[in-house]
Amino acid sequence: NLPLIPLLSENFLHWTIDQNEGDKWKIEDLPGAHGTDLPDPDVHKYFVTSYGPCLKSQLITLQKEGYWNELMDEKRPEIVVKDWYAARFDCGCRYELTVQLLSEDYLVLEEFHPEPVVIEQWSDAVWREVSHTFQNYPPGVRHIRFQHGGQDTQFWAGWYGVRVTNSSITIGP
């Protein structure tokens, strides 16, 4: 079993801010106003979006993380991507996720990009997990680009948009 590459940090240190509209990305403590707790008691913070589009990403270079080219090309271990998202009870929001397996030259070899999720106002505000497993992908994967975010759907000033946390990529046997 190969180790987990964590995507959550208590600040934006490892993230590239791709879009930062409205009142911009913010970090808050769980459960947050009109929110609920995450099933994982070890997670204490989340990122929250605003009334304009907010997207952030991480680019993982597999060799830097100890995954050599021969392993990725011949064994092609499963790559499991997970992310958690939630709305506030009192405001609707939109969540989106894109994960790309990239070549040495950053060409997209495979992509997971589900339809954006729209959560209506007065939802249960419960945290939901999205998960995807890449299998039998083409040889040549050298990087993984993980991007997520969204916004609120009511254009309220402040931080009423989708909340995201506990993102991970696991490269397994």
Side-chain angles (χ1 to χ4, degrees), residues 4-36 38 43-62 64-65 79-123 125-132 134 141-170:
L4 185 82
I5 300 171
L7 293 180
L8 177 73
S9 63
E10 300 248 329
N11 54 40
F12 295 97
L13 184 63
H14 301 288
W15 294 97
T16 299
I17 304 297
D18 302 317
Q19 275 193 290
N20 212 11
E21 306 294 317
D23 286 320
K24 305 183 179 354
W25 280 100
K26 187 180 176 193
I27 297 170
E28 293 181 347
D29 294 319
L30 278 159
H34 299 283
T36 58
L38 192 73
V43 179
H44 302 288
K45 293 184 182 288
Y46 59 85
F47 299 97
V48 61
T49 62
S50 188
Y51 61 89
C54 292
L55 289 170
K56 63 185 177 63
S57 62
Q58 276 192 38
L59 180 69
I60 291 130
T61 299
L62 293 168
K64 277 189 198 162
E65 301 296 333
I79 300 171
V80 181
V81 178
K82 294 183 178 182
D83 199 22
W84 288 82
Y85 67 93
R88 286 173 61 113
F89 168 70
D90 61 349
C91 189
C93 67
R94 178 174 190 244
Y95 164 79
E96 57 187 279
L97 171 69
T98 304
V99 184
Q100 297 170 323
L101 304 185
L102 305 172
S103 71
E104 190 68 49
D105 300 328
Y106 305 99
L107 300 173
V108 177
L109 299 176
E110 204 155 306
E111 180 176 79
F112 174 63
H113 181 65
E115 283 292 310
V117 176
V118 175
I119 302 171
E120 300 297 328
Q121 187 179 26
W122 314 122
S123 72
V126 78
W127 285 91
R128 289 177 170 79
E129 183 185 44
V130 59
S131 178
H132 178 75
F134 289 99
V141 173
R142 300 296 177 259
H143 311 278
I144 301 171
R145 183 169 182 266
F146 179 102
Q147 184 191 59
H148 66 177
Q151 67 187 94
D152 85 49
T153 53
Q154 283 152 263
F155 305 100
W156 291 352
W159 297 274
Y160 293 86
V162 71
R163 299 165 171 192
V164 292
T165 195
N166 208 23
S167 313
S168 67
I169 295 173
T170 308

**Complete:** When every non-hydrogen atom of Val162 is compared with those of Thr49, the smallest separation belongs to N-OG1, 2.9 Å

**Message:** Quick check for you: to the nearest 0.5 Å, what is the distance between Leu102 atom CG and Arg145 atom CZ?
**Reply:** 8.0 Å

**Prompt:** What are the two closest heavy atoms between Gln19 and Trp25, and how far apart are they?
**Reply:** O-NE1, 3.5 Å

**Item:** Criterion side chain to side chain contact (heavy atoms under 4.5 Å, CB included) on Val164 and Tyr95, from CA distance to verdict
**Value:** CA-CA 9 Å; Val164 292; Tyr95 164 79; 3.7 Å; yes

**Request:** May I ask you to test the Val99-His132 pair for a side-chain heavy-atom distance under 4.5 Å?
**Result:** no

**Request:** Please answer whether the main-chain N or O of Lys24 pairs with a side-chain N or O of Trp159 as donor and acceptor at a distance below 3.5 Å.
**Result:** yes

**Prompt:** Could you go step by step and tell me if Cys54 and Gln151 meet the side chain to side chain contact (heavy atoms under 4.5 Å, CB included) rule?
**Reply:** CA-CA 6 Å; Cys54 292; Gln151 67 187 94; 6.0 Å; no

**Item:** Residues which pass side-chain hydrogen bond (donor to acceptor under 3.5 Å, both in side chains) with Asn20, listed by chain and number, not counting sequence neighbours
**Value:** none

**Complete:** Closest non-hydrogen contact found for Ala86 with Trp127 is CB-CD2, 3.4 Å

**Prompt:** Please walk me through it: do Ile169 and Phe134 pass side chain to side chain contact (heavy atoms under 4.5 Å, CB included)?
**Reply:** CA-CA 11 Å; Ile169 295 173; Phe134 289 99; over 6 Å; no

**Asked** Between the main-chain N or O of Pro31 and the side-chain N or O of Arg163, is there a donor-acceptor pair closer than 3.5 Å?
**Response** yes

**Prompt:** Which atom names give the shortest non-hydrogen contact between Ala125 and Phe89, and what distance separates them?
**Reply:** CB-N, 3.7 Å

**Request:** Determine whether Gln121 and Gln154 make a side-chain contact, defined as any pair of heavy atoms from C-beta on separated by less than 4.5 Å.
**Result:** yes

**Interatomic spacing from SG in Cys91 to CD1 in Ile119 - rounded to 0.5 Å** = 11.0 Å

**Prompt:** OG/Ser57 to NE2/His14 distance, rounded to the nearest 0.5 angstrom?
**Reply:** 14.0 Å

**Prompt:** Roughly how far, to the nearest 0.5 Å, is CD of Glu28 from NZ of Lys45?
**Reply:** 10.0 Å

**Prompt:** Partners of Arg88 by salt bridge (charged side-chain N to carboxylate O under 4.0 Å, His left out), sequence neighbours excluded?
**Reply:** Asp90

**Ring centre gap for His148 and Trp15 strictly below 6.0 Å** = yes

**Prompt:** Taking the side chain as C-beta and beyond, is there a heavy-atom pair between Asp83 and Asn166 under 4.5 Å?
**Reply:** no

**Prompt:** What are the two closest non-hydrogen atoms of Ser50 and Asp23, and how far apart are they?
**Reply:** OG-N, 2.8 Å

**Item:** Non-hydrogen atoms of His143 and Ser103 that approach each other most closely
**Value:** CD2-O, 3.1 Å

**Prompt:** How long is the gap from CD on Glu65 to CD1 on Ile60, to the nearest 0.5 Å?
**Reply:** 7.0 Å

**Request:** Tell me, with the steps shown, if Thr16 and Leu59 meet side chain to side chain contact (heavy atoms under 4.5 Å, CB included).
**Result:** CA-CA 8 Å; Thr16 299; Leu59 180 69; over 6 Å; no

Side-chain donor-acceptor pairs under 3.5 Å in residues 104-117, sequence neighbours left out?
| from | atom 1 | to | atom 2 | distance (Å) |
| --- | --- | --- | --- | --- |
| Glu111 | OE2 | Gln100 | NE2 | 2.7 |
| His113 | ND1 | Leu97 | O | 3.2 |
| His113 | ND1 | Thr98 | OG1 | 2.6 |

**Prompt:** Measuring from Thr61:OG1 to Arg142:CZ, what's the distance to the nearest 0.5 Å?
**Reply:** 11.5 Å

